[in-house]
Every structure is written in structure tokens, then in C-alpha cells.
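Working notes for the structure below.
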Amino acid sequence: MRGLRLLAVLVCAHGALAGGIRAALAGDLYVAGQEAGVVSRVDPATMRVVGTIPVGPGPAGLATGPGGRVYVTHPDHRAITVIDGPAARVVARLDQPGSPFGIAAAPDGAALYVGDWRRGEVVRRDPRTGEAMGPAVPVPDPAGLVLDRTGGRLYVADREHRRVVVIDTAAMREVGTASAGEGPFALALSPDDARLYVANVRSGDVTVIETGTLTTLSTVTVGAMPYGVAVTADGRFVVVSRQHAGAVAVIAADGLAPLGDVSVGRYPEGVLALADGRVAVANWFSGDLSFIDPQARRELARLPLADGPRGLAVALR
């Protein structure tokens with residue numbers, strides 16, 4: 001797995017993020033340990049590991065659906081693992097040609113949307129069988145995916161083409177694009193879906209897009225290697241992981257002003273906003289999970305995890 005680290009640093013083709021996941025309701029937090037080949041189950045209230053689920057080599061992206069289902073992509077192994085969250089066990093392994101990375105689940109649980117960076121496409125799949133449902137949408141270099149609240153619009157970061165692709169999920173067709181910075185990777189929507197925040201790994205900034213018009217409202221400089229992004233439940237703060245700095249940047253959504261950094265573990269990647277205002281941060285190189293208070297701009301706790309934590313998701317209890 002050391003080779004994956006080098007590849008992620010050089011071209012940002014691998015890795016896990018949770019910027020597209022909305023502020024989590026009360027439930028268990030799941031963290032993909034890419035090098036350990038497991039998904040850790042964490043109680044966010046007590047900030048303790050309550051289970052470890054073996055899923056096979058190289059888990060990266062995570063998404064959750066109704067009934068406590070957790071979906072895990074394996075970019076180097078052409079597969080998606082399906083976990084029954086309440087039972088803490090693997091219930092299926094779906095074949096996915098190419099290299100599945102970014103993943104999102106429809107709110108009603110009827111479909112999965114998977115970005116395949118090797119095949120250069122986004123496909124809608126049946127979450128029970130893994131079969132393709134409708135045509136694939138060409139996106140040359142898909143990274144992060146995020147669905148709006150209705151599940152009708154899917155936003156996809158096209159990391160090598162300075163843009164975000166917008167897909168109508170009912171028709172599975174591209175309906176627009178928006179400009180971004182260099183190496184757009186992670187995405188997060190504001191609670192009202194009015195803004196899309198794009199973390200641009202190579203240009204060291206965050207593009208803020210008005211979703212109604214797909215125009216750029218602002219570009220906020222945060223420093224080198226912004227990899228994951230999340231918006232707090234109240235919409236007040238945007239939190240961006242900075243891989244090389246061992247920190248997350250906090251941005252005020254009102255005015256889009258940088259407020260400063262919060263130190264976390266080494267090489268932070270996935271970030272996830274919790275409903276109580278905290279933000280969880282997966283620190284890949286130090287093998288732990290930080291919980292931060294973005295308003296106070298301080299780390300509250302750090303929890304050791306299985307090796308290589310990257311992607312984050314939450315499933316309702």
C-alpha cells in the first residue's frame with residue numbers, strides 16, 4: 001500500500017473523502033482504513049471505536065443508505081463492498097469494472113452513483129446486484145461526488161479539467177459544468193443546496209459555486225493540498241483538510257473569510273460534519289481520527305484507528 005501513498009501525492013488519483021456527505025444525524029461513524037483493509041465503526045458521542053469490520057484490501061470511498069447500509073469502494077480491486085451497519089458485517093461484494101472511487105447513495109436507497117477514474121465515467125448501479133442502471137455519463141477524471149437533497153442532481157469533480165460536471169440522475173446525462181481550480185477533488189454542498197464548495201488540491205484553494213447559475217462566487221485561498229471539505233450543519237463554517245500542513249482550515253461561510261487553521265494528525269484527508277457542530281477528520285499517516293470544534297477552532301479529541309484512515313460516512317442507527 002505504500003505505492004498508493006506515492007500515487008495519491010503525485011496525481012491525486014486515490015484516496016478517500018467525505019466532503020460530499022451532509023452533516024450527520026445521530027448514528028455510527030464509519031472510517032475506511034485503506035492500509036488495514038477494514039472499516040472502523042465509531043460512536044461519535046463517546047468518540048470510541050465500537051467495532052472493526054474486515055472488508056478486504058484497499059477500501060477508499062464510503063457512502064451510506066437507508067437501513068444502515070454502508071457502501072465501500074476498492075479502487076484497485078474492481079469492487080464495492082456492502083456492509084450491514086447495525087449487524088457490523090459484510091453482506092455483499094459488487095463487481096465494478098475499472099477503478100471505482102467516489103460514491104454516493106440515493107436518498108431512497110434505490111441507486112448508487114459510482115465514479116470510475118480508470119474508465120472515465122460515472123455510472124448508476126443497483127445497490128443489491130451491482131448491475132448498471134441506464135447509460136454511463138462520461139467524466140474523464142471523476143473524483144468526489146455529491147448528491148443534492150432530493151437526489152436529482154449529482155455533482156462530480158473532474159480533477160484534471162478544472163471543472164465540476166453536473167448530472168441529472170433521472171436521465172443520467174450531463175446538464176451543465178462549472179469552473180473550478182487546479183485539481184478539483186472534494187465537494188460539499190451547503191445545507192440549502194445553494195452553494196457548492198470545491199477543494200482544489202493543486203491550486204491550494206476552494207472554489208465557491210452558486211448552484212442555481214453554476215457561476216463562481218469566490219475563490220478562497222487555504223494553502224497547499226486541500227483534499228477534503230465539509231460544511232457544518234448550520235451552514236456557518238466550511239472545513240477543509242490540508243494534507244501537508246497536518247491541519248484543517250476553517251472558513252466563515254458568511255463573507256467567505258478564512259478564520260485560521262486547527263492542528264490535527266498527520267496528512268488529514270476525509271472530513272465529515274456532525275449534527276452537533278463538531279467535525280471529524282481522518283488522518284491518514286498518523287492513523288487516527290480528530291474531532292474538532294470549528295467555531296472555537298480547536299481539536300477536542302484524537303482517536304487511534306486501524307492503519308490508513310481516509311474515507312468517512314455515517315449510518316443512522
Side-chain angles (χ1 to χ4, degrees), residues 2-20 34 60-61 73 75-76 99 101-102 115-122 138-146 155-166 177-189 195-209 214-231 238-251 256-258 260-262 264-271 281-285 308 310-312:
R2 298 295 173 184
L4 278 181
R5 284 187 174 174
L6 179 59
L7 184 60
V9 171
L10 291 177
V11 300
C12 303
H14 286 276
L17 61 159
Q34 190 173 53
T73 60
D76 288 335
S99 292
F101 172 59
D116 191 318
W117 69 268
R118 190 178 301 276
R119 293 166 66 94
E121 64 185 24
V122 174
V139 180
D141 296 281
L145 278 64
V146 62
Y155 299 88
V156 183
D158 185 353
R159 72 174 187 274
E160 299 301 325
H161 297 86
R162 297 176 55 97
R163 65 175 188 160
V164 174
V165 175
V166 187
T177 61
S179 297
E182 291 284 352
F185 199 80
L187 306 174
L189 282 162
R195 288 181 178 179
L196 179 70
Y197 297 91
V198 186
N200 304 303
V201 178
R202 290 196 289 272
S203 52
D205 50 31
V206 174
T207 303
V208 186
I209 295 168
L214 297 180
T215 57
T216 299
L217 295 174
S218 182
T219 300
V220 184
T221 299
V222 294
M225 297 293 285
Y227 192 87
V229 60
V231 184
V238 182
V239 178
V240 187
S241 60
R242 298 182 55 211
Q243 289 176 319
H244 289 179
V248 295
V250 180
I251 300 168
L256 297 173
D261 288 354
V262 180
V264 290
R266 290 189 296 122
Y267 222 76
E269 296 210 346
V271 290
V281 184
N283 304 308
W284 185 14
F285 283 11
R310 308 191 76 181
L312 297 167

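Values reported hereafter were calculated over all heavy atoms of this structure, with side chains retained and with hydrogens, waters and symmetry mates removed.
Side-chain contact check for Trp117 versus Glu160: every heavy-atom pair is 4.5 Å or farther apart. Side-chain contact check for Val231 versus Leu189: every heavy-atom pair is 4.5 Å or farther apart. Side-chain contact between Leu256 and Tyr197 is present, with at least one heavy-atom pair separated by less than 4.5 Å. Residues Arg162 and Arg202 fail the side-chain proximity criterion, which asks for heavy atoms closer than 4.5 Å. Taking 4.5 Å as the limit, some side-chain heavy atom of Val229 sits within range of a side-chain heavy atom of Val238. For the pair Pro258/Thr221, no side-chain contact is recorded, criterion being any heavy-atom separation below 4.5 Å from C-beta on. Using a 4.5 Å heavy-atom cutoff, the side chains of Val239 and Val262 are not in contact.
Pairs engaging residues 239-248 under the salt bridge (charged side-chain N to carboxylate O under 4.0 Å, His left out) rule: Arg242-Asp261 [sequence neighbours left out].
Between Val139 and the options Val122, Asp116, Leu145, a side chain to side chain contact (heavy atoms under 4.5 Å, CB included) holds for only Val122.
Partners of Pro140 by side chain to side chain contact (heavy atoms under 4.5 Å, CB included), not counting sequence neighbours, listed by chain and number: Asp158, His161, Arg163. Partners of Asp141 according to the salt bridge (charged side-chain N to carboxylate O under 4.0 Å, His left out) rule, which considers only residues two or more places apart in sequence or in another chain, are Arg159. By the salt bridge (charged side-chain N to carboxylate O under 4.0 Å, His left out) test, Arg195 is found to be paired with no residue, residues two or more places apart in sequence or in another chain being considered. By the side chain to side chain contact (heavy atoms under 4.5 Å, CB included) test, Ser179 is found to be paired with no residue, residues two or more places apart in sequence or in another chain being considered. Partners of Pro268 under the side chain to side chain contact (heavy atoms under 4.5 Å, CB included) rule, at least two apart in sequence or in another chain, are Ser241, Val264, Val281, Asn283.
One finds the CG atom of Leu187 at 10.0 Å from the OH atom of Tyr155 (value rounded to the nearest 0.5 Å). Taking OH of Tyr267 as the reference point, atom CZ of Arg310 lies at 8.0 Å (rounded to 0.5 Å).
What you find for Pro184 and Gly181 is that their closest heavy atoms are CD-O, 3.3 Å. Nearest heavy atom pair, residue Gly228 against residue Ala186, reads CA-CB, 3.7 Å.
Between the side chain of Thr73 and the backbone N or O of Gly61, at least one donor-acceptor pair lies under 3.5 Å. For the pair Arg266 (side chain) and Phe285 (backbone), a donor-acceptor distance under 3.5 Å is present.
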